[in-house]
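Heads up: the structure comes next, in structure tokens.
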Amino acid sequence: MVDRPGAPVETPPQTEIEALAALYHQGRLDAVVQQAEALIGRYPESFLLWNALGAANAQLGRLDQALRGFRQACALNPNYADAHNNLGIALKKQGALALAAQSYRRALALNPENAEAHNNLAIVLQALGEPAQAIASYKRALAINLDYPHAEAQMLYQRRQIADWENHDDEAAAYARLGVETSAIPPFLALAMEDHPERQLIRSLKYAKAYVPHVAPAPFARRDVRPERLRIGYFTADFQNHATLLLMTGLFREHDRSKFEVFGYGCGQVASGGLSERAQGLLDTFRDVSGFSDHAIAALARDDKLDIAIDLKGYTTDSRSEIFARRLAPIQINFLGFPGSMGADFMDYIIADRIVIPPEERAFYSEKVIYLPDSYYPTDDQQVIAETHTTRADFGLPADGFVFCCFNNTYKISPREFDIWMRVLRQVEGSVLWLLRSNQWSEANLSKEAAARGVNPNRLIFA
């Protein structure tokens, strides 16, 4: 770009910008990229065009191109708050959380009344292990926009992460409303918060309609002859040191290879070595599709001629529900990661047992239920057991006395369960409760709650 002091900067006609926005809202993202690139050739200093180009690429999963667009928009107009917010979103998707927080803070410095940027900053702060700061950011978003169900649900979820039960009754009433009487919220936020299958289904139906793009997939050709081996594809972002992979490794190994050909697709960051490498070695075919767009993953899965596609994520962190909306296989199944209904017409079945889904609650699942006879929960019976010589003292446990344990995440603990546990501790002399160490705020709050129930906080041991 030639520096020409005083030379006017040419800007595209407003009609061109509006046409790009229309294409974007219609979901014609490739057309947005094509049009924006053509216009940038004529108007290279238009920050609006660069921002539009970044937004389309971000939706297509092309994060490097999206970052280039947003950074150029910010460089051309450092006071354009929306571009800084969008840059933060792309950086967050790329895993650059600290940089994303910087971009959101820059956007808020320019426009403190941007509720979306406060919400986005809060999401990054909770990922960075700062739940107290995240709660404060959600509160600021809600102060600006009173009708912001997503921020309200996230705030309540973070309060549970730190075991802040001060307004528990009010929060129960809020969860009964959120995602049911309001616009959609991520269904996972309420899954552990209330036991009400009908409302959980409503949340999933709303979320699928609002946030999972509906693409008309090409039909699958009907096979005249059943193949000798069915092709099954497992899709997850957890090909790393993750609980899902720990559970699935044995299942991958035990598939009857005379009847099934097993594929794995890594839709998130794929770790090298360790558990990830061992799991990949138990598959007939593994594909790292972490940097692929939804369209590219769907095309690859169809090229692999899968008979069954299994989503191990559902509506959990780093899920890729959009690829299933494009139809990866004639049969698609929700399994393991999200034991609730996805409320989506593209998900045909859910694998469960009669504890996870009692037969009388089948009506609250949009999927058909495949019941396993005992437990839907796989594990690896050949997992190597560590040979250790640890003692109770190594973990701060008393030398004597019964040790009760719960290593679930803190958000799954409510006052109801805690009341029961404290009654047990009061009745079992010398016993202790061994809990997961989540964060400093939850430790302090759970200790305070124990004391309020007549139990010495020292009887809570955090691992």
Side-chain angles (χ1 to χ4, degrees), residues 127-131 161-163 192 236-255 264 266 268-283 286 312 316-317 336-337 353 355 374-413 417-418 420-451 453-463:
L128 287 169
E130 295 291 346
Q161 291 278 22
I162 64 172
T236 182
D238 296 329
F239 273 95
Q240 50 187 299
N241 187 23
H242 190 278
T244 295
L245 204 57
L246 195 67
L247 298 175
M248 289 298 298
T249 301
L251 192 151
F252 292 156
R253 184 188 60 246
E254 296 299 331
H255 265 297
Q269 185 176 359
V270 176
S272 59
L275 180 61
S276 178
E277 186 173 307
R278 181 156 62 92
Q280 292 174 40
L282 295 169
L283 299 163
F286 174 74
L312 296 175
T316 59
T317 304
L336 192 62
D353 56 42
I355 300 299
D374 299 307
S375 172
Y376 90 115
Y377 197 75
T379 189
D380 185 0
D381 62 356
Q382 295 182 22
Q383 184 176 327
V384 177
I385 305 300
E387 293 185 10
T388 62
H389 302 283
T390 53
T391 65
R392 286 180 169 220
D394 293 331
F395 301 101
L397 298 168
D400 301 305
F402 196 89
V403 179
F404 295 97
C405 306
C406 177
F407 298 128
N408 277 292
N409 282 306
T410 303
Y411 73 86
K412 298 179 183 180
I413 304 173
E417 291 82 33
F418 202 72
I420 297 169
W421 298 347
M422 295 303 102
R423 288 202 301 271
V424 170
L425 289 187
R426 289 198 302 269
Q427 292 175 30
V428 181
E429 187 177 350
S431 64
V432 297
L433 176 59
W434 202 10
L435 298 170
L436 178 71
R437 170 169 285 145
S438 297
N439 55 71
Q440 65 190 51
W441 300 273
S442 65
E443 288 187 43
N445 284 330
L446 289 172
S447 297
K448 179 187 71 175
E449 295 291 345
R453 289 161 174 79
V455 174
N456 187 331
N458 291 334
R459 295 176 70 185
L460 269 57
I461 314 295
F462 294 95

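Note that OG1 of Thr410 and CG of Leu446 are 6.0 Å apart. Values are rounded to the nearest 0.5 Å. Rounding to the nearest 0.5 angstrom, the gap separating the CH2 atom in Trp421 from the CG atom in Leu460 is 9.5 Å. Summarising the geometry, atom NE2 belonging to His242 is positioned 10.5 Å from atom CG belonging to Leu312; distances are rounded to the nearest 0.5 Å. One distance of note links CE of Met248 with OG1 of Thr379; it measures 11.5 Å at 0.5 Å rounding.
One N or O on the side chain of Asp353 and one on the backbone of Tyr376 form a donor-acceptor pair closer than 3.5 Å. Looking at Arg453, its side chain does come within 3.5 Å of a backbone N or O of Glu449 through a donor-acceptor pair. Judged by distance alone, the side chain of Gln269 and the main-chain N or O of Gly266 form no donor-acceptor pair under 3.5 Å. A donor-acceptor pair is defined here as one N or O able to donate and one able to accept, closer than 3.5 Å; no such pair exists between the side chain of Asn456 and the backbone of Arg459.
Under the 4.5 Å side-chain criterion, counting only non-hydrogen atoms from C-beta, Phe462 is in contact with Ser447. Taking 4.5 Å as the limit, every side-chain heavy atom of Asp380 sits out of range of all side-chain heavy atoms of Leu246. Residues Leu425 and Leu433 meet the side-chain proximity criterion, which asks for heavy atoms closer than 4.5 Å. The shortest distance between side-chain heavy atoms of Phe395 and Ile461 does not fall below 4.5 Å. The shortest side-chain heavy-atom distance between Phe402 and Glu429 does not fall under the 4.5 Å cut-off. A 4.5 Å side-chain heavy-atom check between Leu282 and Glu254 finds every atom pair outside the cut-off. Residues Arg426 and Val455 form a side-chain contact, since some pair of their non-hydrogen atoms from C-beta on lies under 4.5 Å apart.
A donor-acceptor contact under 3.5 angstrom links the side chains of Gln280 and Ser276, judged on distance only.
Between Phe407 and Trp434, the ring-plane angle classifies as perpendicular under the 30° and 60° cut-offs.
More than 12 non-hydrogen atoms from other residues, nucleotides or ligands lie less than 6.0 angstrom from CG of Asn409. Annotation for Asp394: atom CG counts as buried by contact number, over 12 foreign heavy atoms lying within 6.0 Å. Around atom CD of Glu443, more than 12 heavy atoms belonging to other residues, nucleotides or ligands sit under 6.0 Å away. More than 12 heavy atoms of other residues, nucleotides or ligands sit less than 6.0 Å from atom CD of Glu417. Within a 6.0 Å sphere centred on CD1 of Ile355, other residues, nucleotides and ligands contribute 12 heavy atoms or fewer.
Tyr377 is linked by a ring pair (Phe, Tyr, Trp, His ring centres under 6.0 Å) to nothing, counting only residues two or more places apart in sequence or in another chain.
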